[in-house]
There are 2 protein chains.
Amino acid sequence: MPVYRDSSGRSLTDYPRPSVAVDTAVLAVIPDKETLGVLLVRTGDGWRLPGTFLHEGERLADAVLRSLRVKAGVSGLAPTQLHVFDDPSRDDRGWVLSVAHVDAVPWSRLTIDESLARVTSVTEVRELPYGHNQIIDLAVGSLRERYRASPDPAHLLEPPFTLRQLQQLHEAVAGEPLMRDTFRRTMEPELSPIGEFAIGTVGKPARLFTREPTR
Amino acid sequence: MPVYRDSSGRSLTDYPRPSVAVDTAVLAVIPDKETLGVLLVRTGDGWRLPGTFLHEGERLADAVLRSLRVKAGVSGLAPTQLHVFDDPSRDDRGWVLSVAHVDAVPWSRLTIDESLARVTSVTEVRELPYGHNQIIDLAVGSLRERYRASPDPAHLLEPPFTLRQLQQLHEAVAGEPLMRDTFRRTMEPELSPIGEFAIGTVGKPARLFTREPTR
DNA sequence: TTAATAGTGTCTCTAAGACATTATTTT
DNA sequence: AAAATAATGTCTTAGAGACACTATTAA
């Protein structure tokens with residue numbers, strides 16, 4: 001295949017190009033705390049979001065998946081782009097653009113090597129390098145937005161589940177209590193009762209739902 | 001300044017890197033048509049969105065502004081990132097990432113060289129190369145979202161203006177008629193009457209507003 | 001039986017939508 | 001005066017929020 005030449009006879013690689021990295025905020029609901037946490041990996045002198053440089057011919061999403069397989073043992077995610085951070089002085093190693101990503105994962109699917117990574121509650125994250133705090137803010141806002149109007153869009157809950165379980169998940173994501181009546185009215189049209197009921201719980205057994213829409 | 005070396009003794013530029021481009025959908029309301037238009041520039045064999053390669057050490061937003069100064073004679077914009085297009089086979093010239101941007105500009109500030117560029121109604125845009133149709137769709141959706149809840153956020157209208165002028169602008173952006181009562185109730189809290197009235201118009205003179213919030 | 005929780009009914013208040021009425025201008 | 005448009009009032013309906021009541025389980 002012939003190399004493209006522009007009007008000055010130069011190929012694309014004759015011009016300066018930045019390195020391109022991906023950094024990802026992997027969010028999960030921490031079971032005991034009932035709150036959103038973010039996956040951080042250890043560096044020489046602190047913590048940062050997992051990230052990697054884009055390899056030749058690689059898709060951004062694939063670079064994200066590759067970085068997460070190694071650092072957190074998770075696969076099968078579907079990362080979403082948030083923003084490109086492009087401040088030339090952002091990274092002291094050189095000219096590096098970073099494409100920030102977000103995804104959410106069920107806690108049970110995170111298999112973390114404690115010596116390499118940990119999950120920190122988003123309200124307790126310290127100052128991170130490379131503007132990673134800003135990525136976390138964007139990521140949390142983005143996830144909260146998605147969870148406002150529809151039931152568990154990131155599939156953090158394994159169906160079937162009860163409305164209460166769903167609401168507790170949404171409250172953990174939102175970081176605040178939600179109103180029961182409004183929550184039910186908003187979510188129920190997008191749920192299907194499977195005709196069975198929760199067992200072994202105190203109180204009247206709750207109907208079990210799947211995420212399938214009613215229509 | 002010493003060059004950074006990784007654990008293999010290589011610098012960042014020893015690894016393959018993509019070229020990074022910016023492509024921008026510049027949207028404006030076409031006066032006669034009362035509809036959204038997008039700025040297209042001529043290429044050898046058709047039309048495309050204005051774009052350019054990122055120069056060394058340059059910010060993405062500055063690359064956008066540089067490309068638009070030349071092609072459309074507009075300056076002072078504030079482009080917003082939409083998405084990074086990263087399909088390695090997207091551009092037949094090589095490995096090129098494109099960061100799509102959007103901005104809106106008052107029609108009166110577009111000074112177009114007819115031999116280089118034109119503005120086409122977004123409903124009449126033909127098939128474009130490099131996935132540029134998708135950028136236009138994202139751009140229009142993004143602008144419509146911004147205009148749903150607040151009065152002329154992109155400052156397409158020069159204050160002072162009447163509620164009718166504002167509604168006509170919003171209808172051009174939305175691409176559909178809006179309900180007068182709802183529109184007024186939504187927008188009026190974020191407008192300040194300047195105490196003067198439109199003159200030379202048929203009917204009862206309308207109050208003039210500025211975009212300043214009432215609080 | 002009591003405590004806990006689910007499911008359902010319903011009251012009030014507000015906002016959206018729709019429409020009518022009045023005010024004030026140009027033609 | 002007639003036509004046009006702005007400004008305002010108000011009626012109806014739907015939904016949000018709040019709360020009460022009933023149903024059904026475990027302890």
Side-chain angles (χ1 to χ4, degrees), chain A residues 31 34 144-152 157-215, chain B residues 31 34 144-152 157-215:
Chain A
E34 293 285 306
R144 285 183 176 158
E145 189 58 40
R146 289 177 65 200
Y147 269 70
R148 199 184 312 282
S150 75
D152 190 21
L157 216 51
E158 180 80 14
F161 46 76
T162 67
L163 268 173
R164 163 175 278 253
Q165 291 172 314
L166 184 68
Q167 180 168 351
Q168 282 171 344
L169 168 66
H170 278 247
E171 288 177 339
V173 170
E176 60 183 14
L178 303 174
M179 275 176 303
R180 196 172 72 119
D181 292 345
T182 308
F183 184 78
R184 163 176 247 124
R185 281 199 275 241
T186 308
M187 301 303 166
E188 209 169 344
E190 295 177 54
L191 297 173
S192 298
I194 64 171
E196 297 176 25
F197 295 82
I199 53 173
T201 54
V202 173
K204 179 172 175 175
R207 276 185 298 172
L208 290 168
F209 294 87
T210 68
R211 229 176 283 103
E212 264 66 57
T214 320
R215 20 184 174 86
Chain B
E34 292 284 307
R144 286 183 176 159
E145 188 59 39
R146 290 177 64 201
Y147 269 71
R148 197 184 311 283
S150 76
D152 189 22
L157 215 52
E158 180 79 13
F161 46 78
T162 67
L163 267 174
R164 160 174 279 254
Q165 290 172 314
L166 184 68
Q167 180 168 350
Q168 282 171 345
L169 168 65
H170 277 248
E171 287 176 341
V173 170
E176 61 182 15
L178 302 174
M179 275 175 303
R180 196 172 72 118
D181 291 346
T182 307
F183 184 79
R184 164 177 246 125
R185 282 199 273 241
T186 307
M187 301 303 167
E188 208 169 345
E190 296 176 53
L191 298 172
S192 297
I194 64 170
E196 296 176 25
F197 295 82
I199 53 174
T201 54
V202 172
K204 179 172 175 176
R207 278 184 298 173
L208 290 168
F209 294 87
T210 67
R211 229 176 281 102
E212 264 66 57
T214 321
R215 25 184 170 87

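Side chains included, hydrogens not; waters and symmetry mates left out as well; all remaining heavy atoms used. Here is how names work: the chains are called A, B, and so on, in the same order as the sequence lines, proteins then strands, and each is numbered from 1.
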R180(B) CZ to dA6(D) C1', straight-line distance once rounded to whole Å: 7 Å
Atom CD of Q165(B) and atom C1' of dA6(D) are separated, to the nearest Å, by 13 Å
Output yes when a side-chain donor or acceptor of R180(B) lies under 3.5 Å from a complementary backbone atom of Q167(B), and no otherwise. no
Distance, rounded to the nearest Å, where L163(A) contributes CG and dT8(C) contributes P: 10 Å
Mapping P205(A) and T186(A) to their closest nucleotides on DNA chain D, which lands nearer the 5' end? T186(A)
How many Å lie between CD1 on I199(B) and C1' on dT27(C), as a whole number? 17 Å
Between atom OG1 of T210(A) and atom CD of E190(A), what is the distance when rounded to the nearest 0.5 Å? 12.0 Å
Just how far, in rounded Å, is P of dT13(D) from CG of D181(B)? 17 Å
H170(A) side-chain N/O to R148(A) backbone N/O, donor-acceptor pair under 3.5 Å: no
For the side chain of K204(B), starting at C-beta, report the closest nucleotide among dA18(C), dA6(C), dA6(D). dA6(D)
Could you check how far CZ of R185(B) sits from C1' of dT14(C), rounded to whole Å? 11 Å
From dG17(C), dA6(C), dT5(D), pick the nucleotide closest to the side chain of R164(B)? dT5(D)
Which residue lies toward the 5' end of DNA chain C, G203(A) or V202(B), if each is placed at its nearest nucleotide? G203(A)
Minimum-distance nucleotide (side-chain atoms of A206(A) versus dA18(C), dG17(D), dG7(C)): dG7(C)
Quick one: does F161(A)'s side chain get under 4.5 Å of L191(A)'s, heavy atoms only? yes
Can you tell me how far P of dA18(D) sits from CG of L178(A), to the nearest Å? 13 Å
Do any side-chain nitrogens or oxygens of T182(A) fall under 4.0 Å of OP1 or OP2 in dG17(D)? yes
Between dT25(C) atom P and L208(B) atom CG, what is the distance in whole Å? 14 Å
Would you compute the distance between atom CZ of R144(A) and atom CD of E176(A) and round it to the nearest 0.5 angstrom? 7.5 Å
Under 4.0 Å, counting only non-hydrogen atoms across every strand here, what does R207(A) touch: a base, just sugar-phosphate, or nothing? sugar-phosphate
Within the 4.0 Å heavy-atom criterion, would you say T162(B) contacts the bases, only the backbone, or no part of the nucleic acid? nothing
